[in-house]
Amino acid sequence: MFRFIIAAAVIALSSGHALANGHGGGDAPPPPKPEATTAPAKVVLTKQGPKLVDLNGMTLYTYERDTTGKTSNCNGKCTESWVPLAATADARAVGDFTVINRNDGSKMWAYRYRPLYTSPADKAPGDANGTATTLQWRIARPEN
């Protein structure tokens with residue numbers, strides 16, 4: 001009888017331990033997914049001062065005609081020369097970076113409410129050839 005009580009106690013303790021470690025087959029919900037909090041751009045230091053670049057190191061630009069902070073004035077053919085910094089449909093503001101809606105229904109990133117673009121004239125990280133095409137485009141800088 002004593003051996004039976006010991007055996008029963010061992011089984012009870014070991015199954016309780018297994019249940020406590022999640023091995024009991026319960027329907028525990030999966031942990032929540034962490035929200036993305038990564039900014040879409042970063043600051044790099046250059047001889048001309050700090051500038052914003054995308055996560056691939058490509059120079060970012062702002063457009064003088066983007067004045068409201070809620071929309072982009074570079075649409076249609078303009079986007080062939082200036083590529084909006086695309087944001088996912090579920091992107092959320094991070095620090096000084098906000099998300100704005102474009103005319104075509106897509107979303108793009110803005111820095112302090114100034115929409116951000118890259119230039120196809122820039123071929124490698126660090127290039128800043130976009131300002132040569134027109135004076136209405138400026139390199140995005142953290143103090144803008």
Side-chain angles (χ1 to χ4, degrees), residues 5-144:
I5 294 173
I6 298 283
V10 168
I11 291 171
L13 289 174
S14 64
S15 65
H17 183 68
L19 289 172
N21 285 331
H23 300 294
D27 292 339
K33 292 181 181 177
E35 287 192 31
T37 56
T38 304
K42 58 187 175 182
V43 176
V44 296
L45 298 177
T46 68
K47 290 179 183 177
Q48 294 77 30
K51 71 177 181 179
L52 292 175
V53 298
D54 69 9
L55 298 180
N56 295 320
M58 301 304 285
T59 300
L60 292 170
Y61 299 88
T62 58
Y63 186 35
E64 292 285 317
R65 293 187 181 175
D66 289 337
T67 57
T68 68
K70 297 178 184 175
T71 59
S72 165
N73 287 306
C74 181
N75 296 291
K77 283 198 171 270
C78 178
T79 60
E80 293 173 12
S81 300
W82 299 97
V83 181
L85 183 59
T88 60
D90 61 346
R92 300 281 180 254
V94 177
D96 285 332
F97 295 95
T98 54
V99 179
I100 62 170
N101 295 315
R102 296 189 44 75
N103 285 357
D104 64 4
S106 66
K107 294 182 182 265
M108 72 179 292
W109 287 104
Y111 177 75
R112 295 187 180 172
Y113 300 98
R114 298 293 308 261
L116 296 169
Y117 308 85
T118 57
S119 172
D122 296 339
K123 302 300 182 198
D127 285 355
N129 300 316
T131 56
T133 58
T134 175
L135 297 178
Q136 294 182 348
W137 293 89
R138 304 265 188 261
I139 293 173
R141 301 207 182 268
E143 64 273 359
N144 288 350

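With D122 contributing its side chain and A124 its backbone, the two residues share no donor-acceptor pair below 3.5 Å. The main-chain N or O of K107 is never found under 3.5 Å from a side-chain atom of R102 such that the two would form a donor-acceptor pair. At least one donor-acceptor pair closer than 3.5 Å links the side chain of N73 to the backbone N or O of R65. For D96 (side chain) and R112 (main-chain N/O), no donor-acceptor pair under 3.5 Å exists by modelled atom type. The backbone N or O of A39 sits nowhere less than 3.5 Å from a side-chain atom of K42 that would complete a donor-acceptor pair. Although no hydrogens or angles enter the test, the distance criterion places no donor-acceptor pair under 3.5 Å between the side chain of T62 and the main chain of R114.
Looking only at side-chain heavy atoms (C-beta outward), T79 and P84 come within less than 4.5 Å of each other. Side-chain contact check for W109 versus T98: every heavy-atom pair is 4.5 Å or farther apart. A heavy-atom distance below 4.5 Å is found between the side chains of D54 and L60.
Taking OH of Y113 as the reference point, atom OG1 of T68 lies at 11.5 Å (rounded to 0.5 Å). In this structure, CG on N103 lies 7.0 Å from OG1 on T71, to the nearest 0.5 angstrom. The CD1 atom of I139 lies 5.5 Å from the NZ atom of K51; values are rounded to the nearest 0.5 Å. In this structure, M108 CE and C74 SG are separated by 7.5 Å, a value rounded to the nearest 0.5 Å. Taken to the nearest 0.5 Å, the CG atom of L52 stands 14.5 Å off from the CE atom of M58. C78 SG to Y63 OH: the interatomic distance, rounded to the nearest 0.5 Å, is 5.5 Å.
In this structure, Y117 and W137 have perpendicular ring planes: the angle between them is above 60°, well past the 30° mark.
The minimum heavy-atom distance between I100 and S72, with the atom names listed, is CD1-N, 4.1 Å.
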If you apply the rule ring-ring contact (aromatic ring centres under 6.0 Å, His included), what do you find for Y61 with W82, and how did you get there?
CA-CA 9 Å; Y61 299 88; W82 299 97; 5.2 Å; yes

